[in-house]
Amino acid sequence: MSFTIATWNINSVRLRAPLVAQLLTEEAPDVLCLQECKSPVDKIPAEVFAELGYVHMIARGQKGYNGVAILSKQPIEDLGDKDFADLGHARHVAGRLENGVTIHNFYVPAGGDVADREVNEKFGQKLDYLTDMRDWFREHRPEKAILVGDLNIAPREDDVWSHKQLLKVVSHTPIEVDHLAETQESGQWVDVTRADIPEGKLYSWWSYRARDWDAADKGRRLDHVWATADISNAAHSSRILRHVRGWDKPSDHAPVLATFDL
DNA sequence: ATGTCAATATCCTATTGA
């Protein structure tokens with residue numbers, strides 16, 4: 001069986017429910033993982049998605065900030081969530097499909113503006129969140145699992161528009177890249193997107209602040225699809241839907257997709 | 001490159017977060 005998973009930081013699921021519906025209609029992924037829903041779970045417009053066949057949803061939410069949801073055409077068992085680094089935020093939820101595949105949906109803290117935990121508490125929280133992820137996956141070695149989400153780090157030089165100019169910018173600093181690498185190693189996660197598309201610049205986020213995001217093209221690959229080694233070979237056809245960033249009233253993130261033959 | 005966008009609280013403007 002082949003199934004396609006998509007991940008998308010939606011930046012308000014209520015405001016952009018029509019865009020979610022458009023993506024579901026045009027791409028028909030089996031599973032869509034959303035981040036930054038910015039909504040309590042009971043106010044997510046699940047009925048809009050159910051009408052399109054996505055009758056199963058597992059979600060965690062809070063008022064105004066954060067929030068993650070997994071929409072699925074197939075039944076998905078709620079495996080719970082973990083409040084990594086004890087921030088009291090809704091940033092993770094996990095589910096299991098009937099084929100036995102576990103899905104982790106993450107929204108890693110953005111980390112604020114200054115890349116120094118001594119003066120910026122949010123940066124420390126981001127590093128602690130990643131360290132807690134690392135320790136947890138060391139303790140609970142994932143198998144037959146997919147991890148997706150807005151990890152808020154662009155690890156490779158070709159994951160950013162200018163490696164040199166972003167070395168001190170939160171999302172691409174060496175300490176963040178190191179922390180992300182340790183998390184990836186602890187779960188023996190394979191970066192599916194880069195296994196599929198190993199060469200060339202690849203972005204999933206473009207700032208709202210650019211006058212012309214498309215022309216400037218100063219993007220970063222913050223959104224990721226990882227899989228454990230036992231199923232990563234089944235992945236193919238990875239895509240980042242850049243054109244979605246150009247939709248009316250868009251999210252600043254584009255959806256990232258991968259297909260697995262399992 | 002201090003620009004744009006969204007949610008909230010208090011109210012139609014400021015603050016916070018990204």
Side-chain angles (χ1 to χ4, degrees), chain A residues 7-23 33-45 48 59-69 83-92 105-117 119-130 148-155 159-173 175-176 179-180 203-224 242 244-256:
Chain A
T7 179
W8 194 14
N9 177 317
I10 193 61
N11 187 16
S12 176
V13 72
R14 283 180 278 175
L15 190 69
R16 286 189 243 280
L19 298 194
V20 174
Q22 187 175 349
L23 183 79
C33 296
L34 298 170
Q35 304 87 35
E36 275 208 274
C37 296
K38 294 184 173 178
S39 174
V41 172
D42 61 2
K43 292 187 176 171
I44 295 174
V48 174
R60 298 293 186 274
Q62 58 188 96
K63 191 165 72 174
Y65 304 104
N66 309 315
V68 288
D83 180 22
F84 292 90
D86 299 317
L87 301 177
H89 298 170
R91 296 181 175 275
H92 168 254
N105 183 12
F106 276 97
Y107 175 50
V108 171
D113 289 329
V114 182
D116 178 352
R117 68 181 307 153
V119 297
N120 171 20
E121 182 187 30
K122 292 199 187 77
F123 193 72
Q125 290 175 348
K126 181 178 197 174
L127 298 180
D128 292 346
Y129 194 95
L130 292 160
V148 305
D150 178 2
L151 306 184
N152 265 313
I153 296 172
D159 290 335
V160 293
W161 65 275
S162 169
H163 169 63
K164 198 175 173 183
Q165 287 181 255
L166 288 172
L167 269 172
K168 292 180 177 175
V169 174
V170 172
S171 72
H172 191 61
T173 64
I175 191 169
E176 290 170 87
H179 275 66
L180 188 67
Y203 314 140
S204 66
W205 173 88
W206 294 262
S207 172
Y208 283 126
R209 295 177 187 177
R211 285 197 190 91
D212 184 339
W213 71 272
D214 193 30
D217 200 21
K218 291 181 173 179
R220 307 176 200 171
R221 188 172 69 103
L222 304 180
D223 303 275
H224 298 268
R242 180 187 175 107
V244 171
R245 179 63 177 78
W247 284 356
D248 194 39
K249 300 281 180 192
S251 167
D252 45 356
H253 293 254
V256 182

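Basis for what follows: all heavy atoms, side chains included, without hydrogens, waters or symmetry-related copies. First the proteins, then the strands, lettered A, B, ... as listed; each starts at 1.
A straight line from CG of Leu19(A) to C1' of dA6(B) spans 14 Å, rounded to a whole angstrom. Going from atom NZ of Lys218(A) over to atom P of dT4(B) covers 15 Å, rounded to whole Å. If you measure from atom CG of Asp248(A) to atom C1' of dC5(B), you get 14 Å, rounded to the nearest angstrom.
With both ends at atom P, the span from dA1(B) to dT15(B) equals 27 Å, rounded to whole Å. dC12(B) and dA7(B) have their C1' atoms separated by 15 Å, with the value rounded to a whole Å. When the P atom is compared between dC11(B) and dA6(B), the two are found 25 Å apart, to the nearest whole Å. Across dC5(B) and dT10(B), the matching P atoms stand 27 Å from one another, rounded to whole Å.
Here the closest heavy-atom approach between residue Leu87(A) and residue Pro109(A) is recorded as CD1-CG, 3.9 Å.
Here Asn11(A) pairs with Lys38(A), Tyr208(A) under the side chain to side chain donor-acceptor pair (under 3.5 Å) rule; sequence neighbours left out. In this structure, the side chain to side chain donor-acceptor pair (under 3.5 Å) partners of Asp217(A), at least two apart in sequence or on a different chain, are Trp206(A), Arg242(A).
Taking 4.0 angstrom as the limit, Arg211(A) places none of its side-chain polar atoms (N or O) nearer than this to OP1 or OP2 of dT4(B).
Cation-pi check for Arg220(A) over Trp161(A) is not met; the charged atom does not lie both under 6.0 angstrom from the ring centroid and within 45 degrees of its normal.
Listed for the Lys122(A) side chain is no donor-acceptor partner under 3.5 Å among the backbone atoms of Arg117(A).
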Per-nucleotide protein contact string for nucleotides 7-18 of chain B, where B marks a base within reach and S marks sugar-phosphate only (heavy atoms under 4.0 Å, - for neither): SSS-------SB
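Judged by distance alone, the side chains of Thr7(A) and Gln35(A) do bring a donor and an acceptor atom under 3.5 Å apart.
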